[in-house]
Structures are given as structure tokens and as C-alpha cells.
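First comes the structure, then the notes that go with it.
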Number of protein chains: 4
Amino acid sequence: MPDDRSASSAPAEAPSAAPLARPARLRADAARNRAQVLEAAAAQLAAPDGDLAMNVLARTAGVGVGTVYRHFPTRQVLLEALAADGLEALVAAAETAAADECSAGLEAVLRTGLRLQLTDAALGAVLAAQEPACVDTRALTERLESAVGQVLDRARTAGDVRDDVAPDDVRRLLYGLARAVSCGPGRLAPSARYVDVLLQGLRPHG
Amino acid sequence: MPDDRSASSAPAEAPSAAPLARPARLRADAARNRAQVLEAAAAQLAAPDGDLAMNVLARTAGVGVGTVYRHFPTRQVLLEALAADGLEALVAAAETAAADECSAGLEAVLRTGLRLQLTDAALGAVLAAQEPACVDTRALTERLESAVGQVLDRARTAGDVRDDVAPDDVRRLLYGLARAVSCGPGRLAPSARYVDVLLQGLRPHG
Amino acid sequence: MPDDRSASSAPAEAPSAAPLARPARLRADAARNRAQVLEAAAAQLAAPDGDLAMNVLARTAGVGVGTVYRHFPTRQVLLEALAADGLEALVAAAETAAADECSAGLEAVLRTGLRLQLTDAALGAVLAAQEPACVDTRALTERLESAVGQVLDRARTAGDVRDDVAPDDVRRLLYGLARAVSCGPGRLAPSARYVDVLLQGLRPHG
Amino acid sequence: MPDDRSASSAPAEAPSAAPLARPARLRADAARNRAQVLEAAAAQLAAPDGDLAMNVLARTAGVGVGTVYRHFPTRQVLLEALAADGLEALVAAAETAAADECSAGLEAVLRTGLRLQLTDAALGAVLAAQEPACVDTRALTERLESAVGQVLDRARTAGDVRDDVAPDDVRRLLYGLARAVSCGPGRLAPSARYVDVLLQGLRPHG
DNA sequence: AATGAATGAGGGTTCATTCAT
DNA sequence: AATGAATGAACCCTCATTCAT
């Protein structure tokens, strides 16, 4: 259930000033505009160049710049909106892994996290960011941290992971892994190996 | 002898089109300017923002823009010049490790490579780049690759490293490691641990 | 009716990639800005120096550079916009001449074409250009070519023009004539004579 | 004898401050440098782009910028030096035509003048210029004017040329002719025709 | 809500020219 | 004489952002 975001744990938070990566409700045309902008942004970001100029974005999305700014007041908000699907998928994978009895959850998290970053350029930016701009990105990263914590705990108990590995290490290493994969030729080939290396490296002892 | 670059044989080689990260000889004032630009560039790159505008650079270096362009026709050339010292140090470490009898060479390479990247922001950019812009950066990266190859061979023979690890994997993982370290709070603390993890992960078996 | 450009049929044509020398409709303030830029550009071009720097243009027109670029993405587009009035006048003259019964049409075309070039520095640039940048400049040059073709046909029939003269020769000779007039002292005096010479030279026989 | 420039009519003029398109005597290496610069400049000017940046020129000529400036203090001086050969050839043609008994001299001048302009881009610039920068360019243009005057006189007497054609008209029309030829496809084809047209147009009556 | 015109700071790059070596 | 390093004005162009319509 990847989309229960708005029914998530934090029950009745004070309405924050922080922007939403996904507004609760939207006029039909506004929703369509928003979707067009996101699609165009994903396309631009996926391009080899990879920049994300608001004017160009507006033009390729077929809307005015003002509309882009209405939906995404800062680039960070836009990035988080772009990353939302991937981040949710990662959270879902982590929560599933946390719920599983077996101790292979960490592997699932790493493989999924790497695959998603290679698919979705914005996800890396969000993983690397110190601080999310949107409240529900924060909610997701908190869920991620919590689920990864559980996964790590179980793995640690099973003797599969060193004692000194925290959820934030997983975030960082996952991000670094994607950078390692992306800075050379071939992306699929090294991915599996690098995850193997990382998993093996995270085991206790030496 | 890691630094015999300038002692190469042919005294009057055909002028190559590829720019040099470090020209062989320079008028005294030109050398001073060049050093000032490099110093200013290092400062700018080390700043939290981390951009590197040529005109700002010129101003803070106290020279005209044209002077910056004369010395560094492209940003990539500038980056490689900035990275040259660090890259040389890394090559030296790798060659020393290759010459060593003991099998701990890989560890030295990784620790040094990570430390240097954290010190010198340009080194990461050069490690990540597919293709160097300057001939002697290429020479250095080739020496690095070769030395790391020897280090890996010895380690593999000693049973310390998996079969499927190539020098290019070391380059990529080293770069990714620096990204992992840099995308969160604290840089010293995780560095040692992450190198441990990587070393352990590179060992054979699983 | 030489000016039915804007009265074309299709109300919602597919947006063409080619820039328009004159956009169909414009917000009031945009139209004013555009006119100011054109006025300033004409002034700069008419100056003895005759260059046309975009930033200077913006300043003298009292708008931002971006506004100049919005209206005129390239210098060629700007030139064509500057030349539009003159080119239209020339087309009108040629079409009138084509409609006339009498055989003196060519003379009118040459005199008008020369006079307009001397008045409007951009017209020469457009006449000299191989390929227009804007769709409606192209439309105008095509109308010009067609009308001049008719004029030539009639004149040829009347025995006033050599067989081997095509509309493109008229374009080139007209441009060359303006250069000849402009590269020396006095512009009115030689103009009439040079047109006489050209007309006489275009007559059959030898 | 195209190279008797320095032995020309003006017998003992006061030494002028104006630069010489060709210095009387030169150290051997200086002469070689000068020739290299001229060759490189001709190449640059002949390129489709056709600009003439001093720095680039110096580099392609294999000399320092300072050397270029020593030989050619202004761009105009350089242009005149580039045009010198062509201009001399034109002067020679005109003087030959002036010496001839027959009345076809004007045709030779026009054909030669057009051909030389198409060969040598700098010649057009010199023909178009109001005022030469170098004393011996001036000497040449004066010889040209004088010879063309004689040619015209003879032609006029023979009834081949209108009364109101002066040498300066020939200069301007010749320049304009080259512009007309150069602003379209094909250069050889129209050249002959356009000279015919001009010759015919210059005949008396109508 | 949406639009898109306008802005202008900002960064990029070139090149004519000077001058110390 | 020659060199070429240095200069910096001058242009180029983009793009984030605002705001009137």
C-alpha cells in the first residue's frame, strides 16, 4: 500500500508551513498541469545534461512559468515531488523487509534502493539531502529510517550485520553506491556486485 | 619515482593539442598568477556552496579573467590542475603499495584515496570523470590504474580480494565512498568504518 | 493588397518553430517594448558605426536584455524585423509594378529598392541573406520573387530586358547597387545614375 | 612590371608618418615573419567565417601577437597589405588598358577587377574604403584612378561610355559588382553576365 | 489559477592592445 | 625584434524570479 501516506502515523500534526510534495486536493486542471510539469521535469532530469531550468521546464510542460512556481515554489520541492514515487517504493520495500521474519531484509533494501536511484535521478538528490523541504518527504524519510532500523536490528540479532551500523549509514552508503555505479560504464553489471560487496562488508568481524 | 613526469625523454616533442594541467615552464610572473588562481579556486571549491565561477575566481585571485582562461581554457582543465597534487599523492601511495611485499596495499590505497578526496574537492571530480582533459592527468590516471592493478593482483593471490574486482571498480568505489562520507554529518568518524566495510566486502567468499 | 499577412485563414495553426518577425498578437506593454527595441535598433544601425550589440540595444531601448532576446532570439530575427517595413514596401512596389500594364515596372522596382535600402540599413542585410530566419520574411521574399518574375516577363516580352535575367539577379544587383552607392561620398547623386546604368545594361543586345 | 611600386612617380615625397604596406627593407627573419602573418591572414579571411582576430592570427602564423602589431599596427594596414598584390595587379591591368590603342580597355579593367576581388577578400575592403591607411596603398589607388581616367577618356571618345562616368564610379560599381556576385550561389556564372550588363549600361544613350 | 512578459544579475568567453621580459 | 602574458572592456546569453493581466 504505497499511497497511504496521508493516513500515516503522525496523527494530527499542527498544519505546517512546509510545502507539500503532493497537495491533498486539486482542481482537475491544476492536477493535470502538475502532472505535466512532473513528467517534463523527469524527462529533463533523465537527459544526459540533467539540468532543470524552470523556464525550459514550463515550456516543455506546456504551461506558464508561474504555474510551475505555484506548484513547486523551490527546486528542492520539485525534486522531492519527483522523488516521491521512488521514495515511497523504497519505504514500502523497507517496511516489508522489516515485517518479514527472514533476515535477508537488508539485501532487499539495498537492491531496491540502488535500482530506484538508477531509475529516478531525483531520488538520489533526496537521499543525499540533509534536510527535506516538504513535510511528507520528511514523513517518508522518517518511516524509512524507522523501517531500516528494524531491519538492521533483526539482521544484527541474526549476526548478519556489524554492531556499529545505523540507519543513517545505510542511507549514505546507498547513496554512495549509486554514485559509484553511475560514474562509469555499464550500470547493471556492477550494481549486483557492488551490493554484494557492501552486504558482505557490513557483516560482522572481518 | 612517482614524479618523473617532467623528466620524459624527448626534449622537443611535437606540441600536443591536449592542454597540460601543468605547463613545463613558465615565466616567473605567470607562474605566480597561476598559483594564485589555483589557490583561489581551491578556496572557492572548498566553500560550502562549491561553485566555481570564472569571473569570481579571477577577481578573488587578483587577476583578469583572460589570465584565468589563458591558464585554464576549460573548467575541466582547471579541475584537473586543482586535483593534480592530490592525484599525484594517490598515485604515489598506490605505487608504493604496489612495491610493498605485504598484502595490505589495498587498504592503504583506499584510506589514502578517501582522505585525499575529503581534503581536495577536485580530486573526486577527476576520479569520477570518464575522460581526462589533460595529457598528464591521463598519465597519472593510467599510472594509478596500473599500480592498483598490481595491488589487486597481489591481494588476490593472497586471498584477500575477490576475483571479480578490477582497478576501475576501485576507482568507482573510492569515489562512491567519498560521496557516502560527504553526504552526512561528520566526516572523520564514518570514514574509517566505511573503509573497513569496503575492505571486508571486497574479500572473497561472502 | 500587399498587407494581408495577418488576415490568413487558419485561426489555430500548429505553432511553427520558425520565429515570426512580427508575432500575431501581443500584450499592450509587450508591443510597446517591442516597438521601443526596434526603434533603438534602427537608430543604432543607422549610426556611422553600425554595429548592433544586444546589451547596448537593451539599454538604449530602456528594457532588460532578456526582453530583447524574448522578442528577437537572434540577431537575424531582429534584422528581419527591422527590415520588415521596408521589405513590405518593396514587395508592394513590385506587386503594383506587376499589375501595371506599362512596361516601366522594372524601373520602379529598382528605384524603390535602392531608395529603401539607403533608408533602412537592415533591408540590405535581408536582401543579401541566402536564407530568411522568419517565416514571414520568407513569405515576403517569395512574393517579391514572384512579382519581380512577372515584371521581368512583361519587360522581356516588350523587348526591354535580356533573356537571361532572373528575379534572383535583380535581388543581387539591387543589393550590389546599394553597396556601390554607399561606398562613396554622396548618395542621392549617384543613385539615379546607377539605376539608369543598370536598367540600360539589362536591355537586350549589347 | 608589377613591383615597381617604390620606383613610382612621386619622386621625393616628404617621409610620411603613414605606415607602409610593405616596408622597404627588413631583416631576414622579420621578413619571414611578415610573410607568415600575411599568409595566415589570407587564410583566415578566406574562411567562410571571415573574421580576423589578431590573437588567432598570431597563433596560426606561429608568431607572437606583438610581432603582428609590429608589422601591422592597425587592421586597416593589414588589410591593405593583404590587398597589395591584388591592387597592384589591378593597377597593372588598368595601366596596360590605358596604354592600349583599342577601346576595350574598360572591359579588361572590369573583368580583372571583379576576378581579383573574388580571389582576394581584402581587395574589396580596400576598394570600398574612403581613405587608405598606407602611403603606398594611396599611391596605388591614385595610379588606378589616373589609369582608369585615361581608359574612360579613350572610351568616351570612341563613343563607348556615357559622359557622366568618372573613375570613382568605376571603383564603386566594381565594388558593388563584387557584392552582387558574392551574395548568392555561384560566382563564376553571374560574373561574366554582370560585367556585360555593366558595360552595356555604361554605354551612352540608352 | 494560470499565464507569460519582463527583469537583470550572473556567468561565460573573446579579443584588441599593452608591456615586461 | 620578438615574444607572449596580462588585462579588462565588451559582448554574449541564460535563467530564477516577480508580477501585471
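Bear in mind that the values here come from a model prediction, so they are computed numbers and not experimental data.
Remark: P of E/dA16 and OH of D/Y69 are 6 Å apart, rounded to the nearest angstrom. Note: CD (A/Q44) to C1' (F/dC15) measures 12 Å, nearest angstrom. At whole-Å resolution of the value, CG in B/D29 and C1' in E/dT18 are 14 Å apart. Per the geometry, CZ belonging to C/R59 stands 11 Å off C1' belonging to F/dC11, to the nearest Å. Atom P of nucleotide F/dT21 and atom CZ of A/R70 are separated by 18 Å, given to the nearest angstrom. Following rounding to the nearest Å, B/R34 (CZ) and F/dG4 (P) show an atom-to-atom distance of 18 Å. If you take CZ of D/R32 and C1' of F/dA2, they are 11 Å apart, rounded to a whole angstrom. One interatomic measurement links the two molecules: CG of B/L57 to P of F/dA6, which rounds to 14 Å at whole-angstrom precision.
In this structure, the separation between CG on A/L45 and CG on A/D120 is 8.0 Å, given to the nearest 0.5 Å.
One N or O donor and one acceptor, one from the side chain of D/N55 and one from the base of E/dA16, sit under 3.5 Å apart.
Across the interface with DNA chain E, nearest-nucleotide mapping of D/L52 and C/V68 shows C/V68 to be the residue nearer the 5′ end. Both C/A53 and D/G62 lie close to DNA chain F; mapped to their nearest nucleotides by heavy-atom distance, the more 5′-ward contact belongs to D/G62.
The side chain of D/A30 lies closest to F/dA1, out of F/dC12, E/dT13, F/dA1. The side chain of B/V56 has E/dG11 as its nearest neighbour among F/dC15, E/dG4, E/dG11. Picking from F/dT7, F/dC12, F/dT18 the nucleotide with the shortest atom distance to the side chain of C/M54 gives F/dC12. Across F/dA9, F/dA5, E/dA5, the shortest atom-to-atom separation from the side chain of D/V65 is found for F/dA5.
Taking each heavy atom of A/V37 and A/L57 in turn, the nearest pair found is O-CD1, 3.7 Å. Across all their heavy atoms, C/T60 and C/Q44 have their closest contact at OG1-OE1, 3.8 Å.
OP1 or OP2 of E/dA1 has not a single side-chain nitrogen or oxygen of A/H71 nearer than 4.0 Å. Put simply, B/T67 has a side-chain N or O that comes within less than 4.0 Å of OP1 or OP2 on F/dT7. Phosphate proximity of F/dA2 to D/N33: present, with a side-chain N or O under 4.0 Å from OP1 or OP2. Between A/R75 and F/dA16, a side-chain N or O to OP1/OP2 separation shorter than 4.0 Å is present.
Pair check for F/dT21 finds E/dA2; Watson-Crick or G-U wobble, both atom distances under 3.5 Å.
The main-chain N or O of C/A133 is found under 3.5 Å from a side-chain atom of C/E80 such that the two form a donor-acceptor pair. Without hydrogens or angle criteria, D/R70 side chain to D/A30 main chain gives no donor-acceptor distance under 3.5 Å.
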